[in-house]
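The next block holds one structure in the form of structure tokens; read it before the comments.
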Amino acid sequence: MPPKPNPFDDVYDVVKLIPPGRVTSYGAIARYLGSKGGARLVGWAMNAAHAMDDVPAHRVVNRNGVLTGKHHFGGNRMQEALEAEGVAVENDQVVDFKNRFWDPAVELV
DNA sequence: ACGGTGACGTCTG
DNA sequence: ACAGACGCCACCG
């Protein structure tokens, strides 16, 4: 199926732009988009994104830095993916999340 | 057609 | 400081 214009296409674009070893939060993306969506929409966008290989949804965590959606990934697959990129994850939580945080509204401008 | 729910976030009490 | 409620949009039953 050709790339049909999804309502969260902007979300995919931002997530795809996330640098390796970096993580962002749903609210940050929603805020970057202008809050026109809402943090929950970003979450749902990731849900569909998880079906896309081009969208590293595992780099997206909640504001707490916790891998909230790891259940949807199918277990520890999300944590493994993050650690594979150099992101330390412990107790389903990103270590030094504040330092690993990547804000599109700041870094991407 | 309608209501409930959801990988969240922010405000108010 | 902590707890509870509300708001955003989309999908599913």
Original post:
Between A:Y12 and A:A48, what is the shortest heavy-atom contact and its length?
Top reply: OH-CB, 3.3 Å

Original post:
Where is the tightest heavy-atom contact between A:I18 and A:W102, given as atom of each residue plus distance?
Top reply: CG1-CZ3, 3.5 Å

**OP:** Check DNA chain B against residues 83-99 of chain A and give the residues with a non-hydrogen atom under 4.0 Å, in numerical order.
**Re:** none

Original post:
For A:D96, which residues count as a side chain to side chain donor-acceptor pair (under 3.5 Å) partner, sequence neighbours excluded?
Top reply: A:N99

Subject >> Rounded distance (Å) that lies between atom P of B:dG6 and atom CG of A:N47 >> reply: 12 Å

Original post:
Nearest heavy-atom pair of A:V94 and A:V61: which atoms, and what distance?
Top reply: CG2-CG1, 4.3 Å

**OP:** Could you tell me whether A:H71 contacts a base, only the sugar-phosphate backbone, or nothing, with contacts defined as non-hydrogen atoms closer than 4.0 Å?
**Re:** nothing

Original post:
A:L41 CG to C:dG7 P: how many Å, rounded?
Top reply: 16 Å

Original post:
When every nucleotide of nucleotides 8-13 of chain B is labelled 5' to 3' by its protein contacts under 4.0 Å (heavy atoms), B for base, S for sugar-phosphate only, - for none, what sequence of letters results?
Top reply: BS----

Original post:
For the residue pair A:H58 and A:E85, what are the closest heavy atoms and their distance?
Top reply: NE2-OE2, 3.3 Å

Subject >> Nearest-0.5 Å distance, CG of residue A:L41 to CD1 of residue A:I29 >> reply: 12.0 Å

Subject >> Same apolar cluster (I L V M F W Y, side chains within < 4.5 Å links), A:V11/A:M52 >> reply: yes

